[in-house]
J.: 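Sending over a structure as structure tokens; questions will come in a sec.
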There are 2 protein chains.
Amino acid sequence: MAPTLKDVAAHVGVHPSTVSRVLRGKENVKISEKTHDKILKAVKELNYIPDFTARALRMKKSFTIGLIVPDILNPYFARIARRIEQLGFNKKYTVIVCNTDEDHDKELLFLNQLISRGVDGIILAPVQDSKDHIVDLIEKKIPLVLIDRVFENLKVNAVITNNADSVMKAVSHLVKLGHKRIAFLRGQKHIYTIKNRLDGYYKALKKFNLQKNKNYVVGEGFEFEDGYEATLKLLKLPKLPTAIVSSGGDLVTLGAIKAIMENGLSIPEDISLIAFFDSLYSPYLATPLTTISHFRKRIGEEAFNLLLKQIESKRKSPIKTICVDTKFEIRNSTAKPKNKK
Amino acid sequence: MAPTLKDVAAHVGVHPSTVSRVLRGKENVKISEKTHDKILKAVKELNYIPDFTARALRMKKSFTIGLIVPDILNPYFARIARRIEQLGFNKKYTVIVCNTDEDHDKELLFLNQLISRGVDGIILAPVQDSKDHIVDLIEKKIPLVLIDRVFENLKVNAVITNNADSVMKAVSHLVKLGHKRIAFLRGQKHIYTIKNRLDGYYKALKKFNLQKNKNYVVGEGFEFEDGYEATLKLLKLPKLPTAIVSSGGDLVTLGAIKAIMENGLSIPEDISLIAFFDSLYSPYLATPLTTISHFRKRIGEEAFNLLLKQIESKRKSPIKTICVDTKFEIRNSTAKPKNKK
DNA sequence: CTGTTAGCGCATTCAT
DNA sequence: ATGAATGCGCTAACAG
């Protein structure tokens, strides 16, 4: 059996609470250097490791935070998660990462699991099928920060992105190149980010006086296959778009590229492509991608700090929504449209 | 405050232990249907969530496993981790993922942290600076599975890859194409996988009667920059290699590609490239890569099952090393060498 | 400066 | 079929 405080105490001939005090250091209590040293020596000898579980039970504080994201394989969330773990590590917090696969039931399960484990706070990129459980969470006063996605009419700490503006910038770039038929490759419809990106798209169409075409808005998910299928649909249209804005992230975009290549079309000669894309690979793709990307480390930092402030402040700190800009990088996947009649 | 067993019991007018029994179900104890139903109803009403921390303390079982990898941003480990989490979820285990950044001290810290948290088992891709702490772990009888990297003369459960053979296959492919000057882009020297890959490289040279050239073996790490710098070195050589085998994984390989492109060379016209590469992007790169890739899900599964068997078997199960093959996929980054004198 | 006591929430043994 | 009692390992309030 692993040695306990009691074992250490017995070994030194002192009371367990004394050992506890020495080990925790703090407390405005002086302890004779002699026993102090003896205890530390015994700890080394017995190779004592404190039991976090017992400590968490007693203190009602687990030094654990939960991070719930759709999928850690997505480079966007991966980088954010990594940063949060890093910062957590520095502050002695362990992070438990949960993947929902955009499944609302899983989100619920994970949430309960995390609460059951007594996490000190939760960072959540919610599946947005409903928000009741989030309201519950707030009522339970569990420190919470949403990332990427928020709900209207729900006051909660959050770190988000200026999605609409980002798309405006992208479309604007395409329009300047001369594009008029610009398609929008969507991710899952009801997700906050996607809604906002679509809004940005519509606003841009309006601003530049372009015709709205229902068939130019496609896509229903965040997976490779979703991007592939949706783009195929686009490519079967009688009037092909001359440009695509891919808003579903890395995987969707790769799917789109596959579909385009398989149809014997080239980027950007036949079709321009701008994508929300976060992996490092964009410069090395067949056609280096013009991208909208996130400052993912920054997002992770803001989220973690926001959460930590809530956890550590006795009274509730004011609710904040932090918006992190995107980065627009022009590479080779965008060009003037072909001059065909 | 969150309701406890006691609260539920009081609400029903019954003893806490009875509630506990009902909630856990098992036990060869019958409970009258009436109280049973009353209790379940109260649980719903009070929205009782059991306290895992308390349970873990009492049962000395946390339903948690630790996964320590160098870096979850590496697609190789990301996919493995994801699979382990998935399987864990099915079996009610929570997974705590830790990233060492190939830092031995961090590995030690994480290991202690996990033990302190009372994990039921650990899956570890060790930084291989020493193995003492691993021996400790085994002595503590904490269920353990190594992945990717093992130590000589250390009996421990592990899931590894046939690294040497994979490289043999790769070099063999290059030789058949006519290459004679084949360089080896290494990752960190002292890592098991890398050693084995290098062995495979040397064996292949011998087999095909090619000259060993010390300058053709470069590279010291697993990061993008490592690959970039090392490849630059290669490209400064008076006699350029006509092919490179990149054994350091995705990032290193991207770094190599960048270096090659920046030097105005083309793949595969000027230089062929085979890489250990696990991300989905390989077909869409500027030159679709000929790759050696892993069955990552499979590796995750084997590791998890091996660990679970240890955790759940009362007596220690026999120690096993499982070797998972790699997949060799020929794409466009390998071709005949240029016919220059 | 250190010992005593109590209890976090739960599972479990022993009663009844 | 259920209640009572005990303690997992630790921290914290109170003594002295």
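A, B, ... follow the sequence lines: proteins, then strands. Residue 1 opens every chain. All values reported here derive from a predicted model rather than from experimental measurement.
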J.: Say whether, by atom type as modelled, one donor and one acceptor occur between the side chain of A/Lys131 and the main chain of A/Val150 under 3.5 angstrom.
T.: no
J.: Could you check which of D/dC14, C/dG9, D/dC10 has an atom nearest any side-chain atom of A/Arg55?
T.: D/dC10
J.: Between B/Glu33 and B/Lys60, just flag the one whose closest nucleotide in DNA chain D comes earlier from the 5' side.
T.: B/Glu33
J.: Residues two or more places apart in sequence or in another chain: which of them pass side chain to side chain contact (heavy atoms under 4.5 Å, CB included) with A/Pro126?
T.: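 Checked A/Pro126 against side chain to side chain contact (heavy atoms under 4.5 Å, CB included); matches are A/Glu107, A/Leu124, A/Gln128, A/Ile134, A/Leu146, A/Arg149, A/Phe151.
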J.: Counting only heavy atoms and a strict 4.0 angstrom limit, can you tell me which residues of residues 112-120 of chain A come near DNA chain C?
T.: none
J.: Taking only residues two or more places apart in sequence, or in another chain, which ones meet A/Arg83 in a side chain to side chain donor-acceptor pair (under 3.5 Å)?
T.: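 Testing A/Arg83 for side chain to side chain donor-acceptor pair (under 3.5 Å), a comparison that skips the adjacent residues, returns A/Gln86, A/Glu301.
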J.: Which nucleotide wins on minimum distance to the side chain of B/Thr4, given the candidates C/dT12, C/dG9, C/dC1?
T.: C/dG9
J.: Looking at B/Thr18, does any N or O in its side chain come under 4.0 Å of the phosphate oxygens OP1/OP2 on D/dG3?
T.: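 So the side chain of B/Thr18 is within the cut-off, an N or O lying under 4.0 Å from OP1 or OP2 of D/dG3.
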J.: Strictly distance-based, threshold 3.5 Å: is any side-chain N or O of A/Asp7 a donor or acceptor partner for the main-chain N or O of A/Thr4?
T.: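 Between the backbone of A/Thr4 and the side chain of A/Asp7 there is a qualifying donor-acceptor contact (under 3.5 Å).
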J.: So what does B/Phe52 touch, heavy atoms closer than 4.0 Å: a base, only the sugar-phosphate, or nothing?
T.: nothing
J.: If we ignore angles and hydrogens, is there a donor and acceptor under 3.5 Å between the side chains of B/Arg117 and B/Thr64?
T.: no
J.: For nucleotides 5-7 of chain C, print each protein N/O atom paired with a nucleotide N/O atom at under 3.5 Å, atom names and distance only.
T.:
{"unit_1": "C/dG7", "atom_1": "N2", "unit_2": "A/Arg58", "atom_2": "NE", "d": "3.3"}
{"unit_1": "C/dG7", "atom_1": "N2", "unit_2": "A/Arg58", "atom_2": "NH1", "d": "2.9"}

J.: Using the salt bridge (charged side-chain N to carboxylate O under 4.0 Å, His left out) criterion, which residues pair with A/Asp37? Sequence neighbours excluded.
T.: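 Scan of A/Asp37 (salt bridge (charged side-chain N to carboxylate O under 4.0 Å, His left out), adjacent residues dropped) gives none.
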J.: Can you check the A/Phe63 CZ to D/dC10 P distance for me, whole Å?
T.: 16 Å
J.: Can you tell me if A/Ser313 uses its side chain to pair, donor with acceptor, with the backbone of A/Lys309 under 3.5 Å?
T.: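 Such a contact is found between A/Ser313 side chain and A/Lys309 backbone.
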J.: Check the distance between D/dA1's C1' and B/His36's NE2 and give it to me in whole angstrom.
T.: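 Nearest whole value for this atom pair: 14 Å.
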J.: Take the protein atom CZ of A/Arg24 and the nucleotide atom P of D/dA13, then report the distance between them rounded to whole Å.
T.: 10 Å
J.: In whole Å, what is the span from the OH atom of A/Tyr48 to the C1' atom of D/dG9?
T.: 7 Å
J.: Starting at atom NZ of A/Lys6, determine the distance to atom C1' of C/dG3, rounded to an integer number of angstrom.
T.: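 Atom NZ in A/Lys6 sits about 15 Å away from atom C1' in C/dG3.
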J.: Keeping the roles fixed (side chain from B/Asp101, backbone from B/Asp103), state whether a donor-acceptor pair exists under 3.5 Å.
T.: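 It does not hold such a pair.
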J.: Rounded to the nearest 0.5 Å, how far apart are CG of A/Asp136 and CD1 of A/Ile142?
T.: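 Result: 9.5 Å between the selected atoms.
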J.: Any base atoms under 4.0 Å from A/Pro50, or only sugar-phosphate, or nothing? Heavy atoms, all strands.
T.: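 Result for A/Pro50 = sugar-phosphate.
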J.: For B/Met59 and D/dG7, give me the distance from atom CE to atom P, rounded to whole Å.
T.: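 Going from B/Met59 (CE) to D/dG7 (P), I get 19 Å.
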J.: Could you give the CG-to-P distance, from B/Asp51 to D/dC10, as a whole number of Å?
T.: 17 Å
J.: Mind checking side chain to side chain contact (heavy atoms under 4.5 Å, CB included) for B/Gln188 and listing every partner two or more places apart, or none if nothing turns up?
T.: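 By the side chain to side chain contact (heavy atoms under 4.5 Å, CB included) rule, B/Gln188 matches B/Glu102, B/His190, B/Ile191, B/Phe222.
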J.: Base, sugar-phosphate alone, or nothing: which one does B/Thr53 contact when heavy atoms must sit under 4.0 Å apart?
T.: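 Result for B/Thr53 = nothing.
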J.: Would you mind reading off the distance between A/Leu5 atom CG and C/dT2 atom C1', rounded to a whole angstrom?
T.: 15 Å
J.: A/Thr35 side chain: which of C/dC10, C/dT2, D/dT2 is closest?
T.: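 For A/Thr35, the side-chain atoms sit closest to C/dT2.
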J.: Go through C/dC8, C/dT2, D/dC10 for me and flag the one nearest to the A/Leu57 side chain.
T.: C/dC8
